[in-house]
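Everything below concerns the one structure shown next.
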Protein chains: 2
Amino acid sequence: MFSRPQNSLKQIAAKLGVSMTTVSRVLSGQAGKYRISEETATTILDYARKENFTPNPIAKGLRLRRTNTIGLVIADVINPFFAGIASEIANATRNLGYSLILSDSKGDLTLEKQAVELLWQRQVDGMIVCPASESFEHLARYAKERRPLVLVDQVSPEIGLPYVTSDNFAAGKMATAHLLEYGHKRIACLQGRPTTITSRLRVQGYAAALAGRGIAFDPAIVVGDSFDEQGGYLDTKLLLQSGRDVTAILALSDPLALGALRALAEEKRRVPEDVSIIAFDDQPFLAHLSPPLTTVAQSARAMGGAAVKILFERMRVADAAGDANNAGLLLPVSLITRKSVHKLG
Amino acid sequence: MFSRPQNSLKQIAAKLGVSMTTVSRVLSGQAGKYRISEETATTILDYARKENFTPNPIAKGLRLRRTNTIGLVIADVINPFFAGIASEIANATRNLGYSLILSDSKGDLTLEKQAVELLWQRQVDGMIVCPASESFEHLARYAKERRPLVLVDQVSPEIGLPYVTSDNFAAGKMATAHLLEYGHKRIACLQGRPTTITSRLRVQGYAAALAGRGIAFDPAIVVGDSFDEQGGYLDTKLLLQSGRDVTAILALSDPLALGALRALAEEKRRVPEDVSIIAFDDQPFLAHLSPPLTTVAQSARAMGGAAVKILFERMRVADAAGDANNAGLLLPVSLITRKSVHKLG
DNA sequence: TTGAAAGCGCTAACAG
DNA sequence: CTGTTAGCGCTTTCAA
């Protein structure tokens with residue numbers, strides 16, 4: 001089919017008058033180990049170089065039962081946060097000599113399950129998944145099977161799989177504390193999908209900060225059920241029209257904050273004079289809004305990088321009697337202060 | 001290594017008392033063709049279903065010389081435009097039963113070359129690449145070898161490879177014409193990397209629109225050499241401080257527009273009253289800036305989808321005496337009018 | 001209607 | 001220092 005005929009160990013061996021074995025050994029850097037003569041080795045190496053030959057990874061994979069391939073299933077590559085994770089993972093795995101098979105689950109649990117199964121079938125040596133939803137029990141069996149699999153972002157410590165995520169509790173608490181310091185007492189929270197682990201933890205952090213100041217948690221101003229712009233718009237609108245007297249809004253995602261901004265503008269509330277706002281996930285454009293938005297930043301790159309590190313450690317000790325010390329990593333978050341929080345009183 | 005022992009055709013055959021061959025045929029839907037008895041077929045199918053068995057794709061790949069795998073090399077997954085393309089490609093290929101091997105070239109030509117080579121080595125059945133730079137001559141040989149490879153975004157018709165990109169010339173012309181209609185005559189252009197095909201075509205469109213109105217092309221106000229925010233900031237700053245009297249800026253990317261906005265704010269020019277601005281690539285947040293930015297939208301999703309269609313067509317006719325009618329696709333762009341263009345006079 | 005056997009390209013015992 | 005051989009899991013002649 002292609003005009004460039006793939007040549008093989010066998011062909012090279014024939015042409016050079018040596019055995020396949022020798023060629024194989026030289027090409028896989030085992031010349032030293034088998035004490036193959038300098039001369040033979042260079043002949044082979046030169047020829048391979050000239051012909052631009054590399055052993056067929058498919059055949060290798062079949063024989064070795066390892067494919068030098070990592071699977072990544074991600075909820076939604078368009079989302080810049082996930083894109084950041086994916087980018088970092090792509091680079092890190094490449095640098096380690098692995099190829100990346102990417103699967104986008106579109107936030108759909110069924111697709112996610114299929115993707116994971118397909119990837120194992122494809123014999124990936126390891127896998128990273130950003131669970132699409134709040135349920136990842138379907139992944140539990142892989143923990144038992146001791147497969148190299150690490151969870152990112154949406155995680156559950158109980159499931160017995162290594163993971164890396166941000167310290168979402170601290171994030172919620174930190175943002176709320178900031179608002180509190182600036183004199184806010186009525187702080188609404190746009191919570192995103194409440195069944196989501198990240199949402200729950202952030203809201204818990206929010207509640208903890210409030211409790212620290214002796215302020216009651218008011219369920220009426222903790223609202224929302226999606227992480228997107230539309231949700232932020234709608235819930236802010238409802239909140240404002242309900243006449244609840246909030247002086248600040250904590251939006252648990254960037255799109256949520258965008259939606260809130262739109263609602264606020266429509267309702268003629270100035271930001272931050274009338275209503276302060278803090279966003280989550282520091283996308284570059286936040287600095288360019290008016291006003292520039294104060295936000296809680298989590299590092300997608302750090303998450304991706306850490307996931308790869310943990311995964312490869314797992315792969316290394318996979319067959320060793322690894323005692324599966326469950327590497328769970330909680331990455332720190334930081335508050336980026338800009339101009340969307342107003343000092344009260 | 002894993003507790004779940006992969007079972008194989010051989011094992012199934014043994015357990016069921018039939019031959020591997022039969023199992024293989026049934027499982028690959030060839031039961032009819034070989035007139036295998038209803039009974040045998042269902043037995044095998046049931047067992048496979050129960051055991052959740054799927055033939056090892058690696059072995060299959062080795063035997064069949066086709067891996068059901070597509071390669072994608074992309075300049076930068078974090079860039080939302082490329083992320084959109086990647087997302088669409090991921091979904092489309094998945095729906096067609098293919099897995100996607102992703103490689104991020106980081107906009108680096110060397111990495112891109114390596115990625116492409118590695119992917120062919122990995123025996124991908126087809127490949128899509130978004131060239132990182134203005135040079136893609138290194139891809140020319142694949143055209144000669146008649147490999148299924150399609151270029152996206154940054155393309156060159158002469159190279160003999162099928163491609164899909166936006167109508168960049170029309171895009172530049174359309175945006176400029178809009179400005180012209182609104183009475184602008186001194187229109188600066190933040191051109192991004194000028195060696196880039198997309199930049200060149202858009203600037204040509206800009207020039208054409210100007211020429212259509214008998215306005216001279218002034219090289220002094222067509223500036224810049226990168227597509228990022230920093231570049232937009234710097235070049236706008238210089239432009240303003242040089243005292244050139246521009247009334248509008250055409251920014252050939254979103255980040256460029258963001259940078260321009262920052263510079264404009266610093267220099268106390270109001271948008272759009274003092275200076276109008278049009279951006280490129282419609283990112284969701286553009287609607288949330290103040291003012292909401294008018295922009296030229298190109299559909300990343302459409303590009304990804306089209307690329308996959310063309311690729312699979314190519315793959316289908318790869319060995320047929322395909323007359324290689326060079327499918328080059330120019331996707332239409334559209335102008336999204338918001339509030340950043342002021343009517344003059 | 002079914003099976004035996006060869007072989008895809010590679011590596012790893014085992015044997016010198 | 002080098003080679004022979006078996007076999008990874010699959011599909012496909014060829015033969016029955």
Side-chain angles (χ1 to χ4, degrees), chain A residues 1-2 4-45 48 51-69 120-125, chain B residues 1-2 4-45 48 51-69 120-125:
Chain A
M1 157 177 182
F2 296 141
R4 184 171 54 154
Q6 296 285 358
N7 49 20
S8 62
L9 288 195
K10 201 198 271 190
Q11 293 175 33
I12 294 185
K15 190 142 320 190
L16 263 39
V18 294
S19 74
M20 283 174 61
T21 313
T22 302
V23 181
S24 170
R25 300 213 248 243
V26 170
L27 258 27
S28 54
Q30 310 209 284
K33 181 174 163 193
Y34 287 97
R35 313 205 301 171
I36 287 168
S37 75
E38 192 74 16
E39 191 195 334
T40 315
T42 36
T43 311
I44 294 174
L45 247 18
E51 293 285 300
N52 193 17
F53 173 82
T54 326
N56 182 329
I58 304 295
K60 225 164 153 162
L62 182 58
R63 176 67 233 238
L64 259 23
R65 293 146 166 301
R66 84 196 264 299
T67 54
N68 260 257
T69 276
W120 288 132
Q121 269 166 210
R122 277 208 180 270
Q123 321 274 37
V124 295
D125 297 332
Chain B
M1 158 176 179
F2 298 140
R4 183 171 55 151
Q6 297 284 358
N7 49 20
S8 62
L9 288 194
K10 199 198 272 190
Q11 292 175 32
I12 293 184
K15 191 143 319 190
L16 262 40
V18 293
S19 74
M20 284 174 62
T21 312
T22 302
V23 181
S24 170
R25 301 214 248 241
V26 170
L27 259 26
S28 54
Q30 310 210 283
K33 181 175 165 192
Y34 288 98
R35 314 203 302 170
I36 288 168
S37 75
E38 192 75 16
E39 192 195 334
T40 315
T42 37
T43 311
I44 293 173
L45 247 17
E51 294 285 302
N52 193 18
F53 174 81
T54 325
N56 182 328
I58 304 295
K60 224 164 153 163
L62 182 58
R63 177 68 232 240
L64 259 24
R65 291 141 169 302
R66 81 195 269 298
T67 53
N68 260 255
T69 277
W120 288 132
Q121 270 166 209
R122 278 208 179 270
Q123 321 273 38
V124 295
D125 297 332

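Numbers restart at 1 for each chain; the letters A, B, ... are given by sequence-line order, proteins then strands.
For Thr67(A) and Gln123(A), the side-chain atoms include no donor-acceptor pair closer than 3.5 Å. In the model, Thr43(B) has no side-chain atom that pairs as donor or acceptor with a side-chain atom of Thr40(B) under 3.5 Å.
Here the C1' atom of nucleotide dA12(C) and the NZ atom of Lys33(A) are 9 Å apart, to the nearest Å. Atom CG of Leu16(A) is separated from atom C1' of dT2(D) by 14 Å (rounded to the nearest Å). The distance from atom CG of Leu62(A) to atom P of dC8(D) is 9 Å, rounded to the nearest whole Å. The distance from atom CZ of Arg122(B) to atom P of dG9(C) is 17 Å, rounded to the nearest whole Å. As a whole-Å value, the separation of Arg66(A) CZ from dT11(C) P is 12 Å. Straight-line distance from the CD1 atom of Ile12(B) to the P atom of dG9(D): 12 Å, rounded to whole Å. To the nearest angstrom, P of dC10(C) lies 15 Å from CD1 of Ile58(B). As rounded to whole Å, 9 Å separates atom P of dC10(C) from atom NZ of Lys60(A).
The phosphate of dC10(C) has neither OP1 nor OP2 within less than 4.0 Å of any side-chain N or O from Lys10(A). Side-chain N/O atoms of Ser19(A) include one lying less than 4.0 angstrom from OP1 or OP2 on dG3(D). For Arg65(A), a side-chain nitrogen or oxygen approaches OP1 or OP2 of dG9(D) to under 4.0 Å. Distances shorter than 4.0 Å separate some side-chain N or O of Thr22(A) from OP1 or OP2 on dG3(D). Note on Arg35(B): a side-chain N or O is less than 4.0 Å away from OP1 or OP2 of dT1(C).
Nearest to the side-chain atoms of Gln30(B) among the listed nucleotides dC10(D), dA12(C), dT12(D) stands dT12(D). Closest to the Tyr34(A) side chain, of the nucleotides dT2(D), dC10(D), dT1(C), is dT2(D). Listed nucleotides dG9(C), dT11(C), dT2(C) differ in distance to Ser37(B); the shortest reach to its side chain belongs to dT2(C). Taking every side-chain heavy atom of Thr21(B) into account, dA5(C) is the closest of dC8(C), dC8(D), dA5(C).
With sequence neighbours left out, the side-chain contact (heavy atoms from CB on, under 4.5 Å) criterion links Leu45(A) to Val26(A), Leu27(A), Arg49(A).
Residue contacts shown for Leu64(B) are limited to sugar-phosphate atoms, with no base heavy atom under 4.0 Å away. Residue Thr40(A) is in sugar-phosphate contact alone, with no base atom involved, counting any heavy-atom pair closer than 4.0 Å across all strands shown. Contacts of Leu9(B) with the nucleic acid, taken as non-hydrogen atoms under 4.0 Å apart, include base atoms.
No side-chain donor-acceptor contact under 3.5 Å links Thr21(B) to the backbone of Ser19(B).
Between Val23(A) and Leu16(A), the closest side-chain pair of non-hydrogen atoms is not below 4.5 Å. Counting heavy atoms from C-beta outward, Asn68(A) and Arg122(B) have side chains that approach closer than 4.5 Å.
Evaluation of atom-type donor-acceptor distances gives a pair under 3.5 Å for the side chain of Arg25(A) against the base of dG3(D).
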